[in-house]
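Index from 1, following the sequence. Note that the coordinates shown come from a computational prediction; the quantities given were computed from them, not determined experimentally.
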Amino acid sequence: MTLPESTNIPGPAVPSFHNDSWKLISQGAEARIWLVPDFIQTNINAAVSNTSSSSLAERTKLSSIVSTVVCKERFPKAYRHPSLDETLTRSRTKAEAKNLNRCRRGGVSVPLVLGVDMPPSAKNNEAALLQGESKIAKKSACIFLEYVKGVTIRSFLNLEVDINDGDDDDDEGNHTDAEPPCKKQKVDSDDGIAATPCSTDAHASNTISNNFNNINKKIVTRNDDYAKKAAYEIGATIARMHNAKIVHGDLTTSNILLRNPDIPDGVSVNEWKPDIVLIDFGLSSTSIRSHEDRAVDVYVLERAFVTTHVGSEDLVKEALRGYKATCQSSDSVFVRLAEVRQRGRKRECFG
């Protein structure tokens, strides 16, 4: 199968099965994330009739459903040696899919793995070359995952609020009623570039006004009872992952989703149960050093809270409380966590 002639997607070539309905969500140095709206998967729970009266088309329609999924594509890296690139891509893709399945068996809420497409191995490429093919195209490794509707914990905890007049410092003045400072425009003249007074154009005035209004916004950390309950459930979910002997490796509030961020009116904290989902297992591994690896995982989450969400100390305490109540070896992990914190402080002090 050949690649589409025009994809208008920057970076490496897209997968061979890419089509125009795919939407690029994000792209990093390691992988691209696609939203696939027309993924066809087998419905194993469907009651498919095998009688001769049913046509093949009817049986196929009953046994297959079309759903929206997420495709994580690990594309080839031109800066790496081809053999090394293939080994890393295949091993990391396999490890991610296996660890996601292990988490689900351990009762951890993670996206369901719907399919894996691996690039051909080096042996297959050598065999193809021996058969007369002049060049073997590099291929991406793709994991097709369940599309989880919700928001990241980072978005859930970060609230944008207006800055009151009293919140501004006296030396900055009251910016609410004051006009923004007039900016001079530069125009070309015979002598070079000259400065002219501000234009009275309405569009320019509105642009300055909109930019000025954005200054009167600030991000604060949500710290109510709902946020604390979500933090507690985050700690419990990570503990269940560690009980399944899986270490995430990149626990940040951007890699944790909340399926039900919209809390209905009248629902109390006791009635609301946050549905936490862990994502992005690209750096995950099985716990080899056990308590040390788990302690580092928890420490990374701590630092993510502190650096991303100002004033989130109470949320960190709730997350640790949920972890301790659920993890089977929490006491040993917390002993190692204290040592990891000391190493982290020394690194911050001395570099």
Side-chain angles (χ1 to χ4, degrees), residues 99 102-104 106-110 148 150-159 219-263 267-281 284 287 289-345 348:
N99 291 337
R102 289 193 186 104
C103 284
R104 291 189 68 88
V108 186
S109 182
V110 296
V148 179
V151 300
T152 63
I153 290 297
R154 178 172 182 169
S155 300
F156 179 73
L157 294 180
N158 284 346
L159 299 178
I219 302 297
V220 298
T221 300
R222 183 174 186 167
N223 215 352
D224 57 6
D225 292 338
Y226 296 97
K228 292 178 181 178
K229 187 168 185 179
Y232 181 92
E233 187 59 30
I234 289 172
T237 303
I238 294 172
R240 286 191 287 270
M241 177 185 67
H242 287 173
N243 290 340
K245 301 186 184 308
I246 300 297
V247 173
H248 189 278
D250 190 19
L251 282 175
T252 66
T253 52
S254 297
N255 288 336
I256 305 175
L257 299 182
L258 179 63
R259 288 184 188 264
N260 54 341
D262 298 327
I263 304 171
V267 176
S268 64
V269 177
N270 296 330
E271 297 172 338
W272 181 64
K273 169 133 179 97
D275 192 353
I276 300 297
V277 183
L278 303 180
I279 62 171
D280 194 0
F281 280 71
S284 64
S287 182
R289 293 180 295 172
S290 187
H291 305 319
E292 175 76 13
D293 292 337
R294 297 171 190 175
V296 172
D297 235 12
V298 176
Y299 179 73
V300 171
L301 180 67
E302 271 188 348
R303 298 304 303 168
F305 266 101
V306 173
T307 57
T308 309
H309 309 282
V310 179
S312 60
E313 291 77 10
D314 291 340
L315 301 180
V316 173
K317 292 178 182 178
E318 284 298 310
L320 294 179
R321 194 168 68 89
Y323 183 90
K324 185 173 183 179
T326 309
C327 183
Q328 298 172 352
S329 56
S330 60
D331 293 339
S332 300
V333 172
F334 282 161
V335 171
R336 291 298 182 94
L337 178 59
E339 300 175 0
V340 174
R341 286 171 178 161
Q342 290 295 330
R343 297 201 298 264
R345 291 192 184 99
E348 290 177 1

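Using modelled atom types, one side-chain atom of Asp297 and one backbone atom of His248 make a donor-acceptor pair closer than 3.5 Å. Asn243 places no side-chain N or O within donor-acceptor distance of the main-chain N or O of Gly107, the cut-off being under 3.5 Å. A donor-acceptor pair under 3.5 Å is formed between the side chain of Asn255 and the backbone N or O of Asp250. Without hydrogens or angle criteria, Thr221 side chain to Gly311 main chain gives no donor-acceptor distance under 3.5 Å.
Distance check, rounded to the nearest 0.5 Å: CG of Leu278 to CD1 of Ile238 gives 6.5 Å. Rounded to the nearest 0.5 angstrom, Leu315 CG and Asn223 CG are separated by 4.5 Å. Within the model, atoms OG of Ser330 and NE2 of His242 stand 12.0 Å from one another, a figure rounded to the nearest 0.5 Å. How far OH of Tyr232 is from CG of Asp225: 15.0 Å, rounded to the nearest 0.5 Å. Rounding to the nearest 0.5 angstrom, the gap separating the CD atom in Glu292 from the OG atom in Ser332 is 12.5 Å. One distance of note links NZ of Lys317 with NZ of Lys228; it measures 9.5 Å at 0.5 Å rounding.
Here the shortest heavy-atom pairing between Cys327 and Ala239 reads N-CB, 3.4 Å. Among all heavy-atom pairs drawn from Ile246 and Phe281, the shortest one is CG2-CE2, 4.2 Å. The two residues Pro274 and Ala230 come nearest to each other via the heavy atoms CG-CA, 3.9 Å. Across Val151 and Ser155, no two heavy atoms sit closer than the pair CB-CB, 4.4 Å. Here the shortest heavy-atom pairing between Tyr226 and Trp272 reads O-CZ3, 3.3 Å.
Listed by chain and number, the residues in a side-chain contact (heavy atoms from CB on, under 4.5 Å) with Val220 are Leu159, Val161, Lys218 (sequence neighbours excluded). Judged as a side-chain contact (heavy atoms from CB on, under 4.5 Å), and not counting sequence neighbours, the contacts of Arg104 are Val110, Leu112, Glu146. Qualifying side-chain hydrogen bond (donor to acceptor under 3.5 Å, both in side chains) partners for Ser284, counting only residues two or more places apart in sequence or in other chains: Asn99. Annotation: side-chain contact (heavy atoms from CB on, under 4.5 Å) contacts of Arg154 (sequence neighbours excluded): Thr152, Asn158, Thr253, Ser254, Thr308, His309. Partners of Ala295 by side-chain contact (heavy atoms from CB on, under 4.5 Å), not counting sequence neighbours, listed by chain and number: Val333, Arg336, Leu337, Val340.
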> Hey, mind stepping through Ile153 and Ile276 against side-chain contact (heavy atoms from CB on, under 4.5 Å) and telling me if it holds?
Replying inline: CA-CA 9 Å; Ile153 290 297; Ile276 300 297; 4.0 Å; yes
> After noting the C-alpha distance and the side-chain angles of Ile256 and Leu301, does the key distance pass the side-chain contact (heavy atoms from CB on, under 4.5 Å) rule?
Replying inline: CA-CA 10 Å; Ile256 305 175; Leu301 180 67; 4.1 Å; yes
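Looking at heavy atoms from C-beta onward, Asn260 lies in side-chain contact with Leu258 at the 4.5 angstrom threshold.
Listed by first then second residue, pairs satisfying salt bridge (Lys or Arg N to Asp or Glu O under 4.0 Å) with a partner in residues 229-248 read Glu233-Arg240, Glu233-Lys273, not counting sequence neighbours.
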